[in-house]
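Below you'll find the structure, written out as structure tokens, and then a few comments.
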There are 2 protein chains.
Amino acid sequence: MKDRPSRATGRPTLAQVAARAGVSQITASRALRSIATVDPQLATRVHDAAKALAYVPNPAARTLASARSHSILVLVPALSNHLFIETLEAIQDVLRPRGFEVLIGNYHYRQDEEEELIRNYLSHQPCGILLTGFNRSETAARLLANAGVPCVYMMELRQEEGIVCVGFSQEAAGAKVAEHLLSRGRRKLAFVGAQLDARVLQRRDGYQQAIARAGLPPAFEIMTPEPSSVELGGDLFNRLLKEHPNTDGIFFCNDDLAFGASFEALRKGVAIPEQISVVGFNDLPGAGQMVPRLTSVRTPRATIGQHAASSLLSLLCGETPEVTALDLGFKLMVRESS
Amino acid sequence: MKDRPSRATGRPTLAQVAARAGVSQITASRALRSIATVDPQLATRVHDAAKALAYVPNPAARTLASARSHSILVLVPALSNHLFIETLEAIQDVLRPRGFEVLIGNYHYRQDEEEELIRNYLSHQPCGILLTGFNRSETAARLLANAGVPCVYMMELRQEEGIVCVGFSQEAAGAKVAEHLLSRGRRKLAFVGAQLDARVLQRRDGYQQAIARAGLPPAFEIMTPEPSSVELGGDLFNRLLKEHPNTDGIFFCNDDLAFGASFEALRKGVAIPEQISVVGFNDLPGAGQMVPRLTSVRTPRATIGQHAASSLLSLLCGETPEVTALDLGFKLMVRESS
DNA sequence: ATGAAAGCGCTAACAC
DNA sequence: GTGTTAGCGCTTTCAT
């Protein structure tokens, strides 16, 4: 297009900004990165020059010189789940305005894929990584440790020196659901789980443990590794009622399953019987609101993303977040009245 | 961690690979990039050396030296819509194995946000851009043109020299829905639209035009700029039937709206009356399968992503795709029998 | 607090 | 076909 040497970008460089401001390159660099050790007056001149030239820093040069990029890698197990979409959006909302570039990696709930993503993206020298949970391959964990890149773990909690995590206790959430059902006099409980990632299993464990503490027999479990979906919820609901017709309380590991069950009941012309309580785990926005008599565990999606991003920023500033485990609670939304 | 000069990454460099293979740096570079002008024997030596050292190229250095990165920017209007998630996945499946890094930008159906994303990401010197549709600000279009980066447009078609696009005609899809309803004897048609992005309006236009061609009065329209959702579908369906109780055919611009309408009908204890035909535009996977008597327009999501990515690769190789507009058709899935 | 010099790791340009 | 040289644009290091 332009007749310039093919090596150059044609964009204004830091040298040009510095020249225009009458300072050295390095002073311009420091001023633009708002490093304290620069005279405020010079800094203003530099900023004016940069604005006049419409200067935009070259990220590649910056990364090459400093051996650290401004990109932050976020690894999530799925994009088909609104939980992660909303978390991602919240993360971007925090990081993008501060000049960070958010790289999204979806590993489809597969350890080998997560490992591969980590391997690839580490070559880009990200300045921070946000991870989902703790369930990953040893190789992946070792890659992360060796890279020495600040990490924040989302969605699960672990009290351990040097670990920064933001989320809530999946076990506690499961236990709370059990207590809710028991407090309503339900005694023949069931658990319906799909996907079976680490967090689903933790919710199941917390649920069963609370039931055991109450001195009751364990909940009947229907589990399938298939991905969770509305359709699957209907199928599993049918199967459950066929195998255990006197079930009176069901915990679906995700809201889309619970929604599918409700829909399936409606489709047959019968709403879910009064005597059955259904609890879902909040994932499906909008749709959840429509379902009558469905209790939901409300998780702080956006909040987790926002806090995770903020915690990472603290780490990048060299601060060690005082609370290594930021506990963001969930709450039970009882809709049975509707 | 390691006691190395803080400037260096500590990772093996091309120079080390070259030394080990007994060739010059540039030969190693050419060999690893599979540029033809290198002796096959030397190339093997270089590859062996690279493997032995576990060499991974430094993308920052590469980008700085060549003024072009290996990242490809994909701009989508939303992540809350499965259509775009699946398209993104397909794109990544094509590009990642070939060494490209996929950058995702979500502009929330906002022109100013898309413009901002383009401005930011262009500084990373992407080697290609995938865009959704043609409806963007003039500034954004100018930025793209000036950057001289190969672009491929998705989801809409435009026959124009130098424009590469992959998708289907939204107007034709709308027309096909109208013809379907008319062929079943429906005469009191309605259109229910939310979100109101360019493509929704194009579908509406095609629908109304086909109705006009048939010599019938225009379909009643219920339109809202709110984002499309299952819940909203129920609301709009109620509103439509209150205002026009004798409607006998409805085209919902998205499947989630159509699904919500069906659900709302079931919730009231009445399935959607036999005499009303409902057509949705395929967006909501899984859920759509559950709805009885719902016709759906099936769009080639994954296929569009895959073809768009491939077309971009052709452009990058200097090939001008012979067909400037790859026409990926949609089809009507009639489910009314179920 | 500011600057000069060197260098990050790679590829374009040009010679051979 | 291969190598030499220079340079991409920035930041670190070290001197002042």
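In what follows, chains carry the letters A, B, and so on, assigned in the order in which the sequence lines appear, proteins first and then strands, with residues in each chain numbered from 1. Because the structure is predicted, anything quoted here is derived from the model rather than measured.
Taken over five-pair windows at either terminus, the axes of the helix from C/dA1-D/dT16 to C/dC16-D/dG1 are inclined to one another by 30° (rounded to 10 degrees).
For B/Phe168, the ring-ring contact (aromatic ring centres under 6.0 Å, His included) criterion is met by B/Phe330, not counting sequence neighbours. Take B/His47 and apply the ring-ring contact (aromatic ring centres under 6.0 Å, His included) test, not counting sequence neighbours, and it matches no residue. Checked against ring-ring contact (aromatic ring centres under 6.0 Å, His included), A/Tyr109 has no partners two or more places apart in sequence or in another chain.
Listed by first then second residue, pairs satisfying salt bridge (Lys or Arg N to Asp or Glu O under 4.0 Å) with a partner in residues 49-70 of chain A number zero, not counting sequence neighbours. Sorted by first then second residue, the salt bridge (Lys or Arg N to Asp or Glu O under 4.0 Å) pairs that include residues 129-155 of chain B, not counting sequence neighbours, are B/Glu114-B/Arg136. Each salt bridge (Lys or Arg N to Asp or Glu O under 4.0 Å) pair with one or both residues in residues 144-159 of chain B, not counting sequence neighbours, appears once here: B/Glu156-B/Arg199. Each side-chain hydrogen bond (donor to acceptor under 3.5 Å, both in side chains) pair with one or both residues in residues 87-106 of chain A, not counting sequence neighbours, appears once here: A/Glu89-B/Asn106, A/Glu89-B/His108, A/Gln92-A/Arg96, A/Glu101-B/His124, A/Asn106-A/His108, A/Asn106-B/Glu89.
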Contacts table for residues 306-318 of chain A: side-chain donor-acceptor under 3.5 angstrom, sequence neighbours left out:
residue	atom	partner	partner atom	Å
A/Ser310	OG	A/Gln306	O	2.9
A/Ser311	OG	A/His307	O	2.9
A/Ser314	OG	A/Ser310	O	3.2

Compile the donor-acceptor pairs under 3.5 Å between side chains in residues 28-37 of chain B and protein atoms, sequence neighbours left out, one pair per line.
residue	atom	partner	partner atom	Å
B/Ser29	OG	B/Arg33	NE	3.2
B/Ser29	OG	B/Arg33	NH2	3.0
B/Arg33	NE	B/Ser29	O	3.4

Interface polar pairs with nucleotides 2-4 of chain C, N/O, under 3.5 angstrom:
residue	atom	partner	partner atom	Å
C/dT2	OP2	A/Asp39	N	2.5
C/dG3	OP2	A/Ser24	N	3.2
C/dG3	OP2	A/Ser24	OG	3.1
C/dG3	OP2	A/Thr27	OG1	2.5
C/dG3	N7	A/Arg30	NH2	2.9
C/dG3	O6	A/Arg30	NH2	3.4

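Near DNA chain C, meaning a heavy atom under 4.0 Å from it, residues 50-58 of chain B has B/Tyr55, B/Pro57, B/Asn58 in order of number.
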